[in-house]
Every structure is written in C-alpha cells, then in structure tokens.
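Have a look at the structure below before the remarks.
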Amino acid sequence: NKKNHTIVCGYENLGRRVANKLEEKNVPFVIISDNLKHVLAAREKGYMAYFGHLDKIPVLESLKADEASSIIITLDNVNKKRLICESIFKYKSDANVIIKIDTLNEQKQLEDLPISSYVHAHNKIASLLVNSSLEPKD
C-alpha cells in the first residue's frame, strides 16, 4: 500500500544509483523495468521491483502512480521516455515527473509535456567535475 512514494523507471546504472540514494534517504520507492534481469537484480537487493511498461495504464494503477510524490525516469531512449510521459500525464495530469536527458535537443523533443524537472546528465557531471577540480587539496 503505497502513498507518497517515488517510482523509479529503469534499473540500469543510473536507476541503480537513484535507488541507492533513495534508500540512503529513507524515501519509499518502487522500481519498474521492462528488463526482467534488472527486476530480479533489484529484488535481490531487497527492493520492491516490478516487471512492466510504465506507459500502460494498468501498470500505473498497480504502482499507484496517482499517489506517488514523484516519478523519476532514468531511461536513455527518448521515444520510450515520450510514450511513458504521455501515459503518466494522461493518468495524472499534475504528476511530478523528473527526467534524465542527455541533450538539449532531447529536452526540445519533450518540452510540450508538463515535465517538472529535466536533469541534463552531462551538464550535471560537468559541474561536479569542475567543482571537484577547484576544491582545495589536503
């Protein structure tokens, strides 16, 4: 029985790191993936993980997407991201969707959707690299 949980879409490298961070912060979350190996890997870690496609209404219903505090999309494929976002917003028009993008062009392709937050992977990494390079060395 989920409420105010986070839905993590995708459990590849980034999805795994997101799940670890959520666990560290004691945020309840559930993982959805269309890759059975990833689902089994997540379950092995003790995570709630389900096999399915987040662009399907029954999946959104079973994950209680309408009661989720946020939905984090970690996938790479922009077409899959669009399908998933369209379904989410059809199901809950004010869903809090946070999406990882790799290019600004990708953001342009999605900007007609009411996505709450875009996280530009390379910009974030670039900032972290520069910040680390400027930190005083002991």
Charged N to carboxylate O below 4.0 Å: is that the case for D66 and K64? no

When rounded to the nearest 0.5 Å, the distance separating CD1 of I73 from CG of L14 is 12.0 Å

Going by salt bridge (Lys or Arg N to Asp or Glu O under 4.0 Å), name the residues that satisfy it together with K56, two or more places apart in sequence or in a different chain. none

Remaining members of F51's ILVMFWY cluster at a side-chain heavy-atom cut-off under 4.5 Å? L36, V39, L40

Quick test of your reading of the model: are R82 and D55 salt-bridged, counting only N-O distances below 4.0 Å? no

Test ring-ring contact (aromatic ring centres under 6.0 Å, His included) applied to Y91 - qualifying residues, sequence neighbours left out: none

Apart from L134 itself, which Ile, Leu, Val, Met, Phe, Trp or Tyr residues share its cluster (side-chain heavy atoms under 4.5 Å, direct or through members)? V130

Working to the nearest 0.5 Å, report the span between CD1 of I7 and CG of L60. 7.0 Å

Backbone of I84 reached by a side-chain donor or acceptor of H53 within 3.5 Å: no

Considering residues at least two apart in sequence or located in another chain, which fulfil the side-chain contact (heavy atoms from CB on, under 4.5 Å) criterion with S116? N96

Tell me the closest heavy-atom pair linking R16 and A41, and the distance in Å. NH2-CB, 4.2 Å

Once ring-ring contact (aromatic ring centres under 6.0 Å, His included) is applied, what residue pairs with a partner in residues 107-138 remain, sequence neighbours excluded? none

Check this for me, if you would: do D76 and K81 make a salt bridge, where the nitrogen-to-carboxylate-oxygen distance has to be below 4.0 angstrom? no

